[in-house]
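This report concerns only the one structure given below.
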Amino acid sequence: MLVSAIHASLATAAGVTVVASCNDVMTDSHWLVNWFVLFGAPYMAFDIFAMYLSHYHTQRVRGHSSSLSGHSLQTVKAFLSKGWMLVLHHLALLLIFMPITLFFRRGLGDFFIGCLFTTEFSTPFVSVGNILIQLGLDDTRLHRINGVIILWSFFSCRILLFPFMYWMYGRQFGVPLHRVAFHLPLHCNVGNLAILAPQVYWFILLLRKAKRLYLRQSRGGGGDEKPLRRNEK
């Protein structure tokens, strides 16, 4: 959680720096874009392994027989079946997003890459929420405030970010927001939709968790609430 929070904070700082420095959303460039992609690639690979280890040890603590015999193809399959979307997300960043950023975009669109970096803004708050739950502070005001910040930051930087990018493109080229998608190549719209879809899914999971916590607390507590899963980040 700590490594994830540090990486997310650095990604957000890099993204804000790039976005603030680009006046032309298509042609302005910043050296941080390529360098941070290269810096973040090993983290993505590490994070997949860390998520697997977290799943494995959680299963051992819970006494699941499938995990007690040690690492095996069965434990890997169980991990992938549970967190396949987040693993796919990380692999897509490594195998698709990184090559496109470094080799195929011809130095264009640093502004939009910077915007995508800022999607990590909510991750440190998710990590704080997990820590508070592990410390038994899930019924405190601090945890509730942190939960509100998670919902706000996730919605702002992972969902509203996409209409913001379209609006910025339209503002520069004099295109109304509702017409921007028709002025972009199909592969740009498809790529944005592929990134946005899991964010909407994870936001729905966050809303469901917030609803469960609210209902539990309105009934006067009782019952243990599971920590926020990594695939809800």
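Predicted model only: the values in this text are computed from it and were never measured. This chain uses plain numbering: 1 for the first residue, then up along the sequence.
Separation of atoms CD1 (Ile131) and CG (Asn146) is listed at 9.5 Å; rounding is to 0.5 Å. The CG atom of Leu151 sits 10.5 Å away from the NZ atom of Lys209 when rounded to the nearest 0.5 Å. One distance of note links NE2 of His90 with CG of Leu95; it measures 12.5 Å at 0.5 Å rounding. Note that OG1 of Thr12 and CZ of Phe117 are 10.5 Å apart. Values are rounded to the nearest 0.5 Å. Here the straight-line distance linking atom CZ of Phe111 with atom CD1 of Ile113 works out to 11.5 Å at 0.5 Å rounding. A distance of 11.5 Å separates CG in Leu116 from SG in Cys157, rounded to the nearest 0.5 Å.
Leu132 places none of its side-chain heavy atoms less than 4.5 Å from the side chain of Asp138. With a 4.5 Å cut-off on side-chain heavy atoms, Tyr166 and Asn189 count as touching. Within the 4.5 Å cutoff, side-chain heavy atoms of Val18 are placed close to those of Cys22. You'll find the side chain of Leu206 stays beyond 4.5 Å of the side chain of Phe155, heavy atoms only. For the pair Phe154 and Val126, the minimum side-chain heavy-atom distance is 4.5 Å or more. For the pair Phe121/Arg158, no side-chain contact is recorded, criterion being any heavy-atom separation below 4.5 Å from C-beta on. By the 4.5 Å heavy-atom criterion applied to side chains, His143 and Leu137 are not counted as neighbours. Between Met51 and Lys82, every side-chain heavy-atom pair lies at or beyond the 4.5 Å cut-off.
Summarising the geometry of Cys115 relative to Met165, their closest heavy-atom pair is CB-SD, 3.5 Å, with the distance given to 0.1 Å. The two residues His30 and Thr17 have their closest heavy-atom pair at NE2-CG2, 3.9 Å. Asn34 and Thr101 make their closest contact through OD1-O, 3.7 Å (heavy atoms, listed as atom of the first residue, atom of the second, distance). Nearest heavy-atom pair, Ser122 versus Ile150, reported as atom, atom and distance to 0.1 Å: CB-O, 4.4 Å. Shown here for Ser153 and Phe125, the closest heavy-atom pair between the two residues is OG-CD1, 4.0 Å. Taking both residues in full, the closest heavy atoms of Asn192 and Phe162 are given as O-CE2, 3.7 Å, listed atom of the first, atom of the second, then distance.
A centroid separation of 6.0 Å or more is found between the aromatic rings of Tyr43 and Phe39. You'll find the ring centres of Tyr56 and Phe79 outside the 6.0 Å limit. Aromatic rings of Phe36 and His7 (six-membered ring for Trp) have centroids within the 6.0 Å cut-off, being under it.
No side-chain donor-acceptor contact under 3.5 Å links Ser54 to the backbone of Ala50.
Between Asp47 and Tyr52, the side chains place no donor N or O within less than 3.5 Å of an acceptor N or O (distance only, hydrogens not considered).
Applying the under-4.5 Å side-chain rule to Ile, Leu, Val, Met, Phe, Trp and Tyr, the cluster around Val190 extends to Leu186.
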Worked check of side-chain contact (heavy atoms from CB on, under 4.5 Å) between Phe112 and Met26: CA-CA 8 Å; Phe112 300 109; Met26 291 302 298; 3.7 Å; yes
Output, in order, the C-alpha distance, side-chain angles, deciding distance and verdict of ring pair (Phe, Tyr, Trp, His ring centres under 6.0 Å) for Trp84 and His89. CA-CA 8 Å; Trp84 68 270; His89 169 71; over 10 Å; no
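Cluster membership check: Val148 does not share its hydrophobic cluster with Leu205, using side-chain heavy-atom separations under 4.5 Å among Ile, Leu, Val, Met, Phe, Trp and Tyr. Under the 4.5 Å side-chain contact rule for hydrophobic residues, Val128 and Leu135 share a cluster. No single ILVMFWY cluster, assembled from side-chain heavy atoms under 4.5 Å apart, contains both Leu193 and Phe164. Leu10 and Val16 fall into different hydrophobic clusters, where Ile, Leu, Val, Met, Phe, Trp and Tyr residues are linked whenever their side-chain heavy atoms come under 4.5 Å apart, directly or through other members. With hydrophobic clusters built from ILVMFWY side chains whose heavy atoms lie under 4.5 angstrom apart, Leu2 shares a cluster with Ile48.
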Sequence neighbours excluded and cut-off under 3.5 Å, please list the side-chain donor-acceptor pairs for residues 172-182, or say none.
unit_1: Gln172; atom_1: OE1; unit_2: Val25; atom_2: N; d: 2.9
unit_1: Gln172; atom_1: NE2; unit_2: Asp24; atom_2: OD1; d: 3.0
unit_1: Gln172; atom_1: NE2; unit_2: Asp24; atom_2: OD2; d: 3.1

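For Thr140, the side chain to side chain donor-acceptor pair (under 3.5 Å) criterion is met by no residue, not counting sequence neighbours.
Salt-bridge formation is detected for the pair Arg105/Asp110: a Lys NZ or Arg NE/NH1/NH2 atom is positioned less than 4.0 Å from an Asp or Glu carboxylate oxygen.
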